[in-house]
Structures are given as structure tokens and as C-alpha cells.
Amino acid sequence: MFKQLREDIQTVFKNDPAARSVAEVILCYPGLHAIMMHRLAHRLFKRRLYLMARIISNINRFLTGIEIHPGARIGRRFFIDHGMGIVIGETAEIGDDVVLFHGVTLGGTGKDKGKRHPTVGSNTMIGAGTKVLGPITIGNNTKIGAGSVVLNSIPDNCTAVGCPARVVRKKYDKEYNPLSWVI
């Protein structure tokens, strides 16, 4: 548990140049508080203690302004910057080294059963105010621009922007680049 907390604190320093001290990060970063409380709620949720998990989740939302359903699965080194208004749904899955800015929604599109929230790959950044809706996949090493509305899956190594979001840049690995013989 302390190893994970240490890693989370290091993640804040890596992603936020305004962080000045460990004490400041522990006491003043609601994204860190939200992640810590989510981990407790998620453990209870996995043990089928749904009511207790939801109570902790609601306390978390009240204290931080960040709503994370206890059923959501979140990877390591997850960073929430200026987290007010973030919503992460029950069946959302988030990879490692993901950064979310304020106002991001990882939500569903209706009352469907089963997987109804997005899957976000590792090493991904989602800009402020972005809405990612439905059981879609955001690939690894992807950036989503602020204010975008993502309704379709985005492949790996892309940048997407707009409403609805569309890919504006795709970075190819040299070995997969169909034009590599030109370079």
C-alpha cells in the first residue's frame, strides 16, 4: 500500500510542474485523494460489498468533486489534474500512465447491460472537458484534445480532436510504416 502511494506521489511530480513538496501533494491534490479512496472502494466492490463501496465512492465525490464508480478498473500511475467534474463509469477500464484533466467523462450512452463505458489504453492523455462515451476503445499512446466528444474507437498512437472527435495525427512505428522504404 505504501509502495503504491509512493508511486502515486512520484506520478504527481512527473505530471505537474506546480507540485512543490510531498506534503503539498498529500494534503492538497484531490486527484490523489480520489484515487486512494477509489482503490478502497474497488476492493470492497470486488468482495461484493456493494453498498459500502458505493458509500465510500459518494464520500469521495463529495470531498473531491471526482466521481469514480467503485467498479471501474484503473491501472498504475493514473494522474488526475484539476479533477473537478471528472466522471468515470462502472465498466470503464483505464490502463497505466493515463492523465485526465478536469471535466472528463468516461460515460455510457444508455441503459445497456454489460460493458457500456470506454476502455482507455496505457500512456494516454485526455484533455479538459472531453466526453468519451460508450463501449469504445482509446488506444495506447493516444492524445485526445480538450473539449472533444469521442463516440468511436481511436487507434493506438493517434491524436484526435473535435466534436465528434476525429484522428488528426497518426504516428507510425518505423517497422509498420508503409512508406518506410522512402525514408
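Numbering of residues begins at 1 and proceeds along the displayed sequence.
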Subject >> Distance in Å, Glu7 CD paired with Phe2 CZ, rounded so as to fall on 0.5 Å steps >> reply: 15.5 Å
Original post:
Where is the tightest heavy-atom contact between Asp16 and Phe79, given as atom of each residue plus distance?
Top reply: CB-CZ, 3.8 Å
Subject >> Spacing of Phe101 atom CZ and Asn15 atom CG [to the nearest 0.5 Å] >> reply: 7.5 Å
Subject >> side chain to side chain contact (heavy atoms under 4.5 Å, CB included), paired with Leu133, selected from Asn152, Val150, Leu151, Leu106 >> reply: Leu151
**OP:** Give, for atom OG1 of Thr130 and atom NE2 of His102, the distance between the pair rounded to the nearest 0.5 Å.
**Re:** 9.5 Å
Subject >> For the student: nearest non-hydrogen atoms of Ala19 and Val25, plus distance >> reply: CB-CG2, 3.9 Å
Original post:
Should Phe45 and Ile56 count as side-chain neighbours, where that means a heavy-atom distance under 4.5 Å?
Top reply: no
Original post:
Partners of Asp156 by salt bridge (charged side-chain N to carboxylate O under 4.0 Å, His left out), sequence neighbours excluded?
Top reply: none
**OP:** Take atom CG of Asn58 as the centre, draw a 6.0 Å sphere, and report whether it contains more than 12 heavy atoms from other residues, nucleotides or ligands.
**Re:** yes
**OP:** For Thr64 and His33, work out which heavy atoms get closest and say how close.
**Re:** CG2-CB, 4.0 Å
Subject >> Asp96 vs Ser122 side-chain heavy atoms within contact, under 4.5 Å >> reply: yes
**OP:** Quick one: list whatever passes side chain to side chain contact (heavy atoms under 4.5 Å, CB included) with Ser57, sequence neighbours left out.
**Re:** Pro70
**OP:** Could you verify whether a donor N or O on one side chain and an acceptor N or O on the other, from Asn140 and Asn123, lie under 3.5 Å apart?
**Re:** no
**OP:** Count the heavy atoms belonging to other residues, nucleotides or ligands that lie under 6.0 Å from NZ of Lys46, then report whether that count exceeds 12.
**Re:** no
Original post:
With a 4.5 Å limit on heavy-atom distance, are the side chains of Arg77 and Gln10 in contact?
Top reply: no
Subject >> Arg169 side chain reached by Lys143 side chain, heavy atoms, under 4.5 Å >> reply: no
Original post:
Which pair of non-hydrogen atoms, one from Lys170 and one from Cys158, has the smallest distance, and what is that distance?
Top reply: CG-SG, 3.7 Å
Original post:
Is there side-chain contact between Ile94 and Thr124, with at least one heavy-atom pair below 4.5 Å?
Top reply: no
**OP:** Taking the side chain as every heavy atom from C-beta outward, state whether Ile138 and Ile144 have any atom pair closer than 4.5 Å.
**Re:** yes
Subject >> NZ/NE/NH1/NH2 to OD/OE distance under 4.0 Å, Asp8 and Lys3 >> reply: no
Original post:
Which heavy atom of Asp97 sits nearest a heavy atom of Lys14, and at what distance?
Top reply: OD1-NZ, 4.4 Å
